[in-house]
Amino acid sequence: MNIDLHTHSYYSDGLLSPKDIAIKALNAGCNFFSLTDHDTLKGLKEAKIYAKSSNLTFINGVEISAQHNSQPIHIVGLGINPYEKLLLDGLKKNNQFRVERAKKISEGLGKVGIMKAYEKARTLSKTDYVTRTHFAQMLIKEKICSNMSSVFKRYMTGKKPGAVKGEWASSVDVINWIHQASGLAILAHPLRYKMTLTKLKRLVKDLKLIGLDGIEIVNSFSDIEDIRVSKMIADENELLYSGGSDFHGWAGQKIELGNIPQFDYGDKLVINYLR
Ligand code: AMP
Ligand code: MN
Ligand code: MN
Ligand code: MN
């Protein structure tokens with residue numbers, strides 16, 4: 001079983017078209033694949049058209065930016081109805097914040113001498129959608145930083161010049177939108193939030209109480225220990241298992257679509273529960 005339930009196209013912060021993403025999924029021999037762009041459903045139609053094959057099932061997905069208390073988190077919606085109004089309206093609100101935030105990031109970078117950051121980052125986006133990844137790629141292109149992780153460390157997080165506090169939708173709202181759209185709500189990359197294990201367990205327990213359906217057990221960088229911990233947290237909360245590469249297609253990222261560590265999902269695989 002080859003699954004990849006977390007990927008990005010150029011409709012959010014990926015580099016490739018939904019068509020090219022779908023072709024990658026076919027070539028990688030995926031059996032189940034989902035396009036999960038950040039806060040947008042625009043690529044789904046195209047991906048679905050090109051993912052047609054008897055061995056491959058395409059699943060409508062989205063990765064929604066959310067706040068739980070003050071912690072920014074990502075919640076993947078799988079098997080969503082892309083015409084559900086509540087979901088579409090919610091994503092629109094998130095993207096209004098994204099536009100305001102991009103301007104604030106640009107102002108912050110301006111204060112340390114990086115001028116016209118918004119305009120420059122925008123040229124790297126094929127849509128009017130500007131994410132932190134576009135700012136990061138711009139700073140790499142301008143040779144201000146050498147790689148993504150140094151950009152985030154030096155400019156985009158904590159008290160750094162391009163860091164802006166989140167005002168994403170609440171976790172309760174996001175899970176509700178996904179459920180209204182008949183989808184399942186999955187906590188993305190649980191080990192990437194830089195939380196202690198105690199805090200992470202608390203977070204997952206809280207999210208379960210408000211309807212979380214599953215968590216990602218495996219991503220491109222998971223080692224045996226990561227998988228063990230993620231599975232333990234899922235089991236403690238009776239949550240389903242998901243897995244995905246988080247492929248974006250940018251140069252220098254050691255990630256391949258459809259190529260994540262093997263894991264025996266058994267009957268807890270989220271795919272079995274899609275409505
Ligand atoms: P945004 O949705 O605009 O807040 O951008 C978040 C995106 O930036 C994530 O989905 C990742 O693709 C990327 N990102 C966040 N943190 C890092 C990091 N430390 N290194 C590389 N990419 C990151
Ligand atoms: Mn991303
Ligand atoms: Mn994410
Ligand atoms: Mn992602």
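Residues: numbered from 1 along the sequence shown. In listed order, ligands and their atoms are each counted from 1. Being a predicted model, the structure only gives us computed values, none of them experimental.
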In the protein, which heavy atom is nearest to atom 1 (P) of ligand 1, and how far is it?
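Ranking protein heavy atoms by distance from atom 1 (P) of ligand 1, first comes Arg101 NH2, 3.4 Å.
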
For atom 22 (N) of ligand 1, what's the nearest protein heavy-atom neighbour? Residue, atom name and distance, please.
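Heavy-atom neighbour on the protein nearest atom 22 (N) of ligand 1: Phe152 CE1, 3.4 Å.
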
Please identify which atoms of ligand 1 are closer than 4.0 Å to at least one heavy atom of [X].
X	result
Met148	21 (C), 22 (N)
His248	12 (O)
Arg98	1 (P), 2 (O), 3 (O)

May I ask you to check whether [X] has an N/O atom sitting below 3.5 Å from an N/O atom of ligand 1?
X	result
His38	yes
Asp13	yes
Ser65	no
Arg132	yes

Within the 4.5 Å heavy-atom criterion, are Met1 and Leu269 side-chain neighbours or not?
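Touching, per the 4.5 Å side-chain cut-off.
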
Sub-4.5 Å side-chain heavy-atom contact between Ser171 and Gln67:
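Answer no - side chains too far apart.
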
Any N/O/S atom of His248 sitting less than 2.8 Å from the Mn ion (ligand 4), backbone or side chain?
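Within the cut-off used here (under 2.8 Å), His248 places no N, O or S atom near the Mn ion (ligand 4).
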
Between the Mn ion (ligand 4) and His6, is there an N, O or S atom separated by less than 2.8 Å?
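Coordinating: yes.
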
Atom CD1 of Ile224: over 12 foreign heavy atoms under 6.0 Å
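No, CD1 of Ile224 has 12 or fewer neighbouring heavy atoms, counting only those of other groups under 6.0 Å.
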
Would you say His38 and Asn94 are linked by a side-chain donor-acceptor pair, where the criterion is simply a distance under 3.5 Å?
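Side-chain D/A pair, Asn94 to His38: absent.
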
Quick check on the Mn ion (ligand 3): does Asp246 put an N/O/S atom closer than 2.8 Å to it?
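Given the 2.8 Å cut-off, Asp246 does not count as a ligand of the Mn ion (ligand 3).
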
For the Mn ion (ligand 3), what is the closest N, O or S atom on [X]?
X	answer
Glu63	OE2
His74	ND1
His189	NE2

Could you walk me through whether Ser149 and Asn147 satisfy the side-chain hydrogen bond (donor to acceptor under 3.5 Å, both in side chains) test, starting with their C-alpha distance in whole Å, then the side-chain angles of each, then the deciding distance to 0.1 Å, before giving a yes or no?
CA-CA 6 Å; Ser149 71; Asn147 58 53; 3.3 Å; yes

Of Thr131, Val151, Val164, Thr133, which has the heavy atom at the shortest distance from atom 13 (C) of ligand 1?
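The residue whose heavy atom sits nearest atom 13 (C) of ligand 1 is Thr133.
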
